[in-house]
Each structure stands twice: as structure tokens, then as C-alpha cells.
Amino acid sequence: MVALFIGLNVSRTAFSKSVYHLSIEYKSIGKESAKKMKIHEYQAKEIFKFFGIPIPGNTVCATVEEVVEAYRSSNGLIAIKAQVLVGGRGKAGGVKLAKNIDEARDAAEAIFGMQIKGLTVEKVLVYNALDIDKEFYIGLTNDRNTKSVMLMVSAEGGIEIEQVAKKSPEKIIKFSIDPRFGLMDFQARNIALKLFGDIKIARKGAEILKKLYRCYVDMDSSLTEINPLVLTSEGELVALDAKMNFDDNALYRHPDIEALREVTPDEEEEIEAKRKGLSFIKLDGEIGCMVNGAGLAMATMDLIKLYGGNPANFLDIGGSSNPEKIVEAMRILLSDDNVKVVMINIFGGITRCDDVARGLLEALKRISITVPIVIRLTGTNAKEGKEILAGSDLINVDSMGEAARKAISLV
Amino acid sequence: MVALFIGLNVSRTAFSKSVYHLSIEYKSIGKESAKKMKIHEYQAKEIFKFFGIPIPGNTVCATVEEVVEAYRSSNGLIAIKAQVLVGGRGKAGGVKLAKNIDEARDAAEAIFGMQIKGLTVEKVLVYNALDIDKEFYIGLTNDRNTKSVMLMVSAEGGIEIEQVAKKSPEKIIKFSIDPRFGLMDFQARNIALKLFGDIKIARKGAEILKKLYRCYVDMDSSLTEINPLVLTSEGELVALDAKMNFDDNALYRHPDIEALREVTPDEEEEIEAKRKGLSFIKLDGEIGCMVNGAGLAMATMDLIKLYGGNPANFLDIGGSSNPEKIVEAMRILLSDDNVKVVMINIFGGITRCDDVARGLLEALKRISITVPIVIRLTGTNAKEGKEILAGSDLINVDSMGEAARKAISLV
Amino acid sequence: MSILIDKNSRVIVQGITGRDGAFHAASMREYGTNVVGGTSPGKGGQFVNGIPVFDSVEKAVRETGADTSILFVPARFAADAICEASDGGIELVVAVSEGVPTLDVIKSIKFMESGGTKLIGPNSPGLISPGKAKVGILPGNIFKEGTVGLISRSGTLTYEVINELTRSGFGQSTCIGIGGDPVVGLHYIELLTMFENDPQTEAVVLIGEIGGDAEEKAAEFIEKSMTKPVAAFIAGRTAPPGKRMGHAGAIISSGSGTAAEKIEAFERVGVPVAKEPEEIPKLIGVKL
Amino acid sequence: MSILIDKNSRVIVQGITGRDGAFHAASMREYGTNVVGGTSPGKGGQFVNGIPVFDSVEKAVRETGADTSILFVPARFAADAICEASDGGIELVVAVSEGVPTLDVIKSIKFMESGGTKLIGPNSPGLISPGKAKVGILPGNIFKEGTVGLISRSGTLTYEVINELTRSGFGQSTCIGIGGDPVVGLHYIELLTMFENDPQTEAVVLIGEIGGDAEEKAAEFIEKSMTKPVAAFIAGRTAPPGKRMGHAGAIISSGSGTAAEKIEAFERVGVPVAKEPEEIPKLIGVKL
């Protein structure tokens, strides 16, 4: 009896011959994006499949032989896509078609081991190419302005979607979903009718929209995209690509997603820092920064640049004032050989300046520090903090502007 | 990976020794209750278990030997409960305790084959008796007045709950749940705190309330009750009894629940009638009634009684006017030997009087009818209907009052 | 005047391309209702009996200025159609569909709340303001314009009562079948309030049934808030006791839902209760 | 005057028995805030630093007449606590909790809508009307009562700016940290509107950050609806490009979220943007 209570169906997958697609890069900025865990396309497709969203075959291969094997059970034309946690796979040559075994082998050999933005390709996704009539874009993300989940669809899907968004925004339908009701049948149908025109395809499309929203919400995604969703010559809609990011704050509800986390070498330091309650991003300047609060840390970097310097990193020690954290922060900061001077900018609030000072003394004891340290302490217990540091070599200044100027002069 | 997406846990079950409980009868009336499919206690508990609501063991036995076997793997004191689709099992002797094998065998022999309100006991539910500190009532049902799902809880659970509702309504907490948000954590916690007092038990209770609401909604229940929910001496909350009715209109979403349907002999005729689009309830009078519309059918019965007659049935032919349906209705009606006269009361609207007349002529041809038939036709196409029946033996009258009086005079 | 609908109501039929939708669209228009359009996804641009069809309620409202809709869609799509109507800007939705899951109805009513849309039904024969407009499946010919308002949980029983009223010379302002389902939109109290405020209405007839305690609640309301005379009829005085429905039903209601209790509640507040439909015209408390 | 909170605000602390809740309850009371109670399920009847504890917000509101609450509950319980506050009749909820799942925030904001409750945060340091009341974790001693309103997406950066304002002699009417999460309650536009209508406020300082297009939207609003002078500061002018975030983020925003675009948007509507915090007092457009 129990089986019936699991209300989700796994849908059929559609196979057929044809063209694949490339996906372009989009660079975002700021601290929020760093909080969004990403997974591979093949993993996102696995989730799509569970939620009943049609995907092409989802054969993941880790060796050339596996790709050849996958070709053998194909219908004669396959797409091979590198699985790495960055975009621009197409541009980098990480996506190839193969119409016979030799091509499959050549393509696989070319892709495996390829470096895409510093990441080595270790897995590829292989599926029968589809015969595509048209490409659509579907995306879901949280929207600050409407305080809701925003659904975006366009009949101009594929690689140019952002150009479409900029040049012909009217070609993108945006729809704010009320979380109390989800994406209702009539809403999905009306959006799909506008998108697909034909009612038969619109009904299939509406199902995909509803399932994608359910998938987005149930998985606490922060971004879910199908680009492109393709209409095949047989009149089927298939998610040719799949992208899912997740809300880090909600990963405690999704241990299996958390388990998929892969740390790129670049991220390792950041992750390590995060584990210690620090927010760290490595940059390429010479002035190591230690600041409490992300906004103040950004403003500090801006100030260094404004005065002609170059920050070596972004390092936010957060709101607590555990001296041990300060020691760790100094250790991470100084592990970068480019750092010629350290600038510490603390505005005490929750963070107490005396705690920071104690942590610094401890760090000076434990780590051999050869670069000059400029420090500005103000706010809660600043006086006590300065007294603690009175006997040290640290260069005490009063404002962040002064600190930046001093640090730059010492590079 | 897929396993993780099935967000429901099956909870642990609590075993221990003690007392069981009896549950009293409540008679309801009217046509709505007839539309609510019922399932056995053990089936409801199976569903509870799936939703993580703690139940005592749920061993279903169909033979005396199975009961003895269940006793052997018990902790020494078991409850044996007859599983029939009517209430009053306790009163009828269908619930017994056994503290050794002989008692278990005797109890099982007594209960199997027992008749409870015309139903033969074919299955019993066996579980370890619990050591009970306190009994609570929890119920969920759809509420006409607030147009919402109503949660009702009381610290005065057990057999006397309806007395409590009548005499001390303040001892029952009623809470209308907004379907857009469900039963929220703080709501469940605050209700549970009022109900259980102690915060530790309240936290467990809040979980049960939330799971029960989820169960109610996901299963399209029309009534879900735990009476009693017991607090054991170990401080655990356990659903000692379980009752679930379902919204017939939503059963298409729950084929596995539909598959559990058991038809009692009394209901067979009703179900057969329903299959033919008729609503039929057998009564014990002599005047067979055929009416279109449930309200008018009830009013017709009332009128017969008012004038001193006794209706043999409630028969609503509904809104369509398929002549074949009329033939079936006559067949069902006349299958009751008590029927001495038939009274037909039709107010044409959607139902067309000429269709009814054609159906009647057809019935007169196909069925041998020996009792007099009084007919009142008015509304849509009444004139045509009367013309069609002009040559027949049917007794034509103009108002429902006249029809009732005439029918009574012919009994 | 009249309540809820009149000559100015602009009505669309959701599911107009279906058999029932097409038939009743024509029938309502024949009665004089201003049927301005209908909906059927994917069939926008077509015409049904000369009535334009739109893909969505939103489009239909935009093109026709509709303010009222009636649904002829299968039960499992009815709740969604109600929400679409509300979202599209419809002010009054009439749901004829029978067999809509109760939890769907509850959700759609909550959805409508924010938009201020009113719902009649589901499982309702609709409503009629005689001589002005009919939005439903009621047989128009038995009604007559006049001063009696009528609210009923029943279908054909309503026709029986209307027939008696019309025969006795009592015309009607508006007659509403609220629908027989466990949970429906507008109920006795909301409609009694409207009749109390409607200049055309001089008296109200309330037709109840056994089950629930809505009639008792209506009686309380009448005592507190109605100045116009009300007469009642309760079907099911002699209905056999039904199936066991658990404790919850008993706890939630003030009574047990019997006709006797309902009749007593009405009589206690001075609302006469007819023993048979014929008796109603004598009890309505206004002169012809 | 001031906005949102003042001497009359009656504040409860949700999660008052926790370490942070107890500490900041005392600290707010020390500042002069009228902290009337706190909540902690199962601990009703206890006292924390002399402040009475209640089992639920409902009880706390009933007993103390509270109209404002501040949450110090773990992130995963924060959204529920926000809803409880709204349901209990609280008018302004301040959520300090960091790490609340975004979809929980969205749901709780929708829940609050019907009740008309306002939310600050989550992930907000709270707000302060200097000299009147503090509902948050901001260091009270750097503030000074005056005529400048301040809205910020940041925490310590706000303190830096406040420090510059206070040092230059510009006191503040109300300072609000709206919280740095992807979705938060009251945002620039709602708060700008309140400052525009607040007699005490003569000028507004807006502290933004890179990402999203809230600053651009605020600039549009200022052009259309603000008569009082506004000055801005944007953190992250030199922040490195972040990680790929898909097309959706780009499509949803009018721009790419860079500081340059935001600065341009402000300057286009006549809002001066400071290059460093020190510069802000010179730009705020009112005399001391």
C-alpha cells in the first residue's frame, strides 16, 4: 500500500537524433553568489528525472571506453558533454557530437583530462542527440523585488538568452509565483500557451513548468534553469541542459545534495575559512585585509583601490570575537606570499575590540610575522583593545582612510 | 540519490503493557455522510505509520491460530480488536484483552465470526496493550462554517468525548487551519502546549498534530480521528485508535484507497444504483418513491410521512434524463416486495419530463408491474411527457401533495 | 435592484466549448442574460453560438469587460477554474460542477479571498434575478420578477417552492442555489445580509436540509440582524439516521443536524417553518 | 517622531532565554527601549533579567500589549517565529537570525501580508531611533538623535557611516539595517517612503552594496517620489567578479549588479554617491 503515497512519477525520457547546444558564461559578482552550491548537469538531470521532467538519456561516463560503449547502445548520433562545475564548456571545446565509434573515441579522448577554467574534466555526459525544432528558455530564481520565486520563460532560448533579455525584454515572460498556492494549473497553462502557442505542446509545457517549480521548492534551489528546453521534431519537450544551484542556508534539509558538494581547488581555502567562521576570497594584490563585516570589508577594499593600492584578499571575520578566530584569520591571510602588509579594520559592535587585540597578540606569538601590520580599532572596547596592543609592533591608526593610506605606503 | 527525495519518515512504534479502550457509536444523518468512504482501523494505522504517527503494533490476524501466534511474540498482555466497518465494536464485545495463550485463543474464538451490526468479523487487530497515563482526543474534519479544515483536540479523550463536547465545550480546542500554510510549527506547538502542558510532551504532540494534518490533506480525508491518543507511563504519545474517512470526490487521486473499499451487504444495492447514476437508500415503508433531486426526494418522503404514509426508499434519479436510467430506477424500486404503490415526483429542469415519460413506457414494456403508479410531472416538457403517457395505466396528478395523498390511498 | 446579478452583469462561460457549456450559454442568453464570451484553452478565436471564445479568463475579461462567470468544467478542474476566474478579475463565480474534492474547494475559496471574488457553489444550480439575468441551469420559465428573495441548499426542491410562490402571485427578486457540497462559497448569512440591504427584496425564503448546523447559525443571524421577514422550509424531517461519521462532526456542530433541531432554532427566533412546499406562500410575511 | 520605533514601542524578545536573546534584551533595555517581555515555549512564568517570559507570542501580546518583537532564534526556526509574531498581533518584527533559508523567508513574508505586519531582516542588525529606542544589536553609543535617516544593507559599514555622521554633528532620526539576505522584509522603497513622511527626518543616507538591482529601483523611486535630499554609498566598487550565477539572475535584474551601474543610476537622478564613508556628511544636503 505504501508505494502509492509517494506522489511523484518518473517520466519517460525522449531519445532521438540531432544537434546539441552551447551555453555561454555569465559572471556575477558579490557575496551572495558564493553562498549558492552548484551541482553538475548530470546530477541536476537526475533530480529533474525524479520530478518527472523529461530529459534526454543521462549516461555518465568516466572513461573513453565507457563513452564508446555508450555510443554502441545509442541510435547513431550522440552528444558528449564535459561535466565540470563551471560554465563555458561549449566554448572550451568540452561539448562534442559523434556519429560513429571513431568520432566517439576521438571526442572522448579530447574531452577527458581537458582543463576548463582550471578544472580537469573527469566525467562526461552522453546522450542521443535530438532532432530539434525550437529552443526555449525556462528559469526559476528567488527575486528580491517581488519577494517571491520568479519564473522566467522565453521562446528565444539557447545561447543568446541574455542578449534577448537586454535587447528585447518583452520576449521574456516573467511571472511571480505566490508560494501559498504554488504555480497553479491555469497559470502554468496560460504561460505555456503564450510560450508554445499550440495547446497540445502548451499542455506538456505546463506540466514541465509545474514540475520544475515543485522541484525548485522541494529542493530549496536558488536557481534552476533549463536552457534550452527543446521541442523535438516529434513534438516532445525535453530539457537538453539542466542547471541547479542550492540555497546554502537550506542544505541542512538536503543532506544528499550537500553530499554532492565538490570543492574546486580555488574554493578549498574559502571552504576551510568558512569552516572556521571566516569569509575569505583570495585576490591578487599585496595588502592583506582583515575586517569585521562583509560590507565594511568591501568598503575597505574599495578604499585601498581608491588610494591606489591593491587588496590581496577579502576577509570578513564576522560578528563574534573569539580570539582563536583572529589567530586563524592571520594564518590564512599570511599564507599568501604576495602579502606585503596587513591592514586590520575593526569597528566593534558585537565584535569586541579587546577580543580582537587578544587574538592578535596570540597570533603574533604563534605565527612568525615579517610584514608590517596597520590596525584601526574603534567601537566596542576600542580603548581596552588599544591598551592590550600598546607594547606590540602594530601600527595603530584612527580611521579607515588613514589605515589604507598607511598600508599602501608600506607595500 | 532518489531515496532522499521521499520526504516522509516512518516513525518508531511504541510497545508496552496495559489497558485498551472502547469507542462509542455516533449516528449521523443526511446524504453527505454516505459520500465518505471508510476504511478499517488497521488500514488507517498503516497510513498513520507511513506519515510517521506513532501507533502500537499493527498485527492483523485472520484466524485464531494467527492470534495465538501474535500472543507468543507479545510482551504478555495483548489487545484484540474486531475489524469491521462500523462503530460500537467495544459494546458489541468485539474488543478483548488477553494475558495468556488460553485467553488469547478464547478471545479470538469469540470475536471471529461475531456479528456486529450485520457485519461478520473476519479480521482482528492485535497489539501489545499499553500502560496508559492519560487519554486525549484529536480530530480533523472539513468545516462548512469556517470553510476550512478544523482541528479539534481535547485533554478529555476516550469514549466520553461527545459528552464533553456537549457539556463542557470549553474543554475542546478548535482550530481552523489555513490551507495556504498548513498547520504551522508555532500553531501546532501552542495547541500542544495547551493540550499537554509539559513542553517535552507538547513537542512530541505538535509533531503528531502536524503529521496528522499532512496525512489528512495528502490523503484527501474528510475525517481523521485519534481517539484516544494515549500518553504512556514512559512519556510516549501513541495513537491507540485510528479512524479515517475519505472524500469520495477525491478518490480518483487515491486509487489505492479506492481499492480498499469493502461493500457491506446493505450498501450493495446503493452502490449498484450509484453505478447507474442513481442515488438509492432502502427504507421499510410501502410507497416506492422516484424523484429527481435529493432535496425534492427528501421533501417527498417528508410529505408522505406528513400525510400518514411510509416511504419504501429514497431514490434520486439525478439531473440527466436518459430513459434507460428510468428503466433501471423502476427495476431497483420494484425489487422490494414491500412496495405496494409507486409515487413518481418529477420537477423538470435539466431533467426533461418527456424523457422520463419515454423511460417509463419502456419500463412498463420490459418489467412486469403489478402495483399502481402515481405520477406527477411538471416543469420542462411536462405537456409532452403527459401526452406520451396518455394511453398508459399511470395515475396522473398535478401537485406533489396530491400525488402523496393518492399514493397513500392506494397502499 | 436584486442581488449579485442583474441586467448589467457581463457573463462569461468557462468551458463554453463543452456540451453543457454550449447549451447553457445559449439558454442563458435566451433568458436575457448578457453572455459576453466564453473560455476554452487553445480555442481562443472560435465562436460558440455566436459567442466569442478566449484562451483564458484574463483575455476574456480584458476583451469583454466580464464581471461574472459560470463554470461548466469537469469536477477535477473546477477549483483551478474558480481560481483562474478570481485571478482574471471576475467578481462573481458560479460553479455548477458536481463532485469537486472538498479540499480543492477550500483552497480555491482561500485563493479568492484576497481578490474579493464571490463564489456560488460548487454543485449549485446557479442563480437568477427574474426578468433580469440568469446565471445557472435553473428553468427560467417558472420564475417571475417580484419581491421575494430565496436561498436554497437544494436544486429541484427550489423549483417546487418557486412554483408555489409564482402560482400564488409572489414574484422573486433573486433566487440562489448555494450548492449541496460540504463546503461552498456564499452561504445563508452572507446572502441574508445582501437581501436585507436590497431595496427590491421584501421577504426571504430559506430552504434548508438536514446535516450540519448552517440553518441554526442562520437563525441566530436572523434574530440579530434581519428586519425583513424570513420563512423557512427544511427537507429531511423523516430522513433515516445516516452512517456513523465519527465524533468530529458532532463536536464541530452545535447540534446533531436533525430537521427537528433546525426547525426549533427557526421557530425560536420567529421564523415560521413550512411543513410542505405549498404552505410557504402563506408564511412569507408580506402581502401581495 | 522617527520611523517604526520610538519611546512608545513595546518590545518582546523571541528566544529570550537563549544566550544572545538574554544579552540583547538587557542591552536594549539599558539603551532605554521598553522591553516588556520575551518568549520561550515551555518557559512561561520565568523571568530573564527581570523580564517576564511567556510560552507564546500570543500570550505575551495579551499580557504586555507588545507591538514590536525581535527574534534571537536559530535560523531554522526563524521563519516560523516571524509568522508567530505576525499571527500574535505584533506590528513590527525584527529578525536578526542569519542563515534563514530563502524560501522560508518568502513564505513568512506572504504569511505576514494579510496581517499587515512589517518585517526587518532577516540577517539584520536591527534598527535604532537614537535617544528613543533600539531594537537590534547595534552599538547604541555611536548614535546621536537628529534629523538624518539611514537605510543600509550592511552591518559594520553602517556603524562606520554613523560614526562619520555623528562626528560631523549630524544626528539621526532612525537607522535601519535591512539585512543582507537575498530576500528581506522592508526594503529601500518602503523605508524611503516612511522617511519622506516623517517630520523629524530632513535627509536620508542610503548604503548599498553590489548585486541585484535594488539600488537602481531605489534611484527611480527617489526621482519620482522623494522631496527630501538623499545621499548614497555603494560598497564593492572594486569587488572581483563573482561566480557564474546562471542567466536567471541577469534576466531578472535590469542591470548586472555592479557598483558602477548603481552609482550611475543614483547620479542620474541627482543623488550624490560618496567615494568613501568620510565623504558622506558633506553630501547629505542639509545644514547642521
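We name chains A, B, ... by the order of the sequence lines, and we start the count at 1 in each one.
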Relative to chain B, which segment of [X] carries a heavy atom at a distance below 4.5 Å: side chain, backbone, both, or neither?
| X | value |
| --- | --- |
| C/F233 | side chain |
| C/P277 | side chain |
| C/P139 | side chain |
| C/E160 | both |

Does any non-hydrogen side-chain atom of [Y] lie less than 4.5 Å from one of [X]?
| X | Y | result |
| --- | --- | --- |
| B/L296 | C/Y159 | no |
| B/K147 | C/I106 | no |
| C/V183 | B/D143 | no |

(request) Mind checking the CZ-NZ spacing from B/F181 to C/K110? Nearest 0.5 Å is all I need. (result)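 With rounding to 0.5 Å, CZ (B/F181) is 10.0 Å from NZ (C/K110).
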For chain B, which of [options] has the most heavy-atom pairs under 4.5 Å?
| options | answer |
| --- | --- |
| C/V100, C/T158, C/I142 | C/V100 |
| C/V161, C/I207, C/I137 | C/I137 |
| C/N163, C/V105, C/I234, C/L138 | C/N163 |

(message) Less than 4.0 angstrom from a charged side-chain N to a carboxylate O is my criterion; do B/R253 and C/D104 meet it?
(response)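 Yes.
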(message) Less than 4.0 angstrom from a charged side-chain N to a carboxylate O is my criterion; do C/E276 and B/R405 meet it?
(response) no
Please report the shortest heavy-atom distance between [X] and [Y], naming the atom on each side.
| X | Y | answer |
| --- | --- | --- |
| C/L157 | B/A299 | CD1-CB, 3.7 Å |
| C/A239 | B/M301 | CA-CE, 4.2 Å |
| C/S154 | B/G295 | OG-CA, 3.3 Å |
| B/R144 | C/A214 | CD-CB, 3.8 Å |

(request) Dump the intermediate steps for side chain to side chain donor-acceptor pair (under 3.5 Å) on C/D181 and B/N249, then the final yes or no. (result) CA-CA 10 Å; C/D181 279 358; B/N249 288 343; 4.7 Å; no
(request) Side chain from CB out, backbone as N, CA, C, O: work out which of these in B/S222 comes under 4.5 Å of a heavy atom of chain C, or both, or neither. (result) neither
(message) Given heavy-atom pairs under 4.5 angstrom as the criterion, report whether the side chain, backbone, both or neither of B/V149 touches chain C.
(response)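 Contact with chain C involves both backbone and side-chain atoms of B/V149.
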(request) Give the member of B/N345, B/N292, B/T380 that has the highest number of heavy-atom pairs under 4.5 Å with chain C. (result) B/N292
(request) Take C/T102 and B/D247 through the test side chain to side chain donor-acceptor pair (under 3.5 Å) and record every step on the way to the result. (result) CA-CA 7 Å; C/T102 306; B/D247 179 357; 3.2 Å; yes
(request) Please report the C-alpha distance between C/D213 and B/N145 in whole Å, then the side-chain angles of each, then the deciding distance to 0.1 Å, and finally whether the side chain to side chain contact (heavy atoms under 4.5 Å, CB included) criterion is met. (result) CA-CA 8 Å; C/D213 64 350; B/N145 293 313; 3.0 Å; yes
(request) Ignoring hydrogens and angles, state whether a donor on the side chain of C/T238 or B/D302 is under 3.5 Å from an acceptor on the partner side chain. (result) yes
(message) Quick one, C/R237 with B/K305, criterion side chain to side chain contact (heavy atoms under 4.5 Å, CB included). Give me CA distance, side-chain angles, the key distance, then yes/no.
(response) CA-CA 9 Å; C/R237 286 168 183 255; B/K305 282 261 193 183; over 6 Å; no
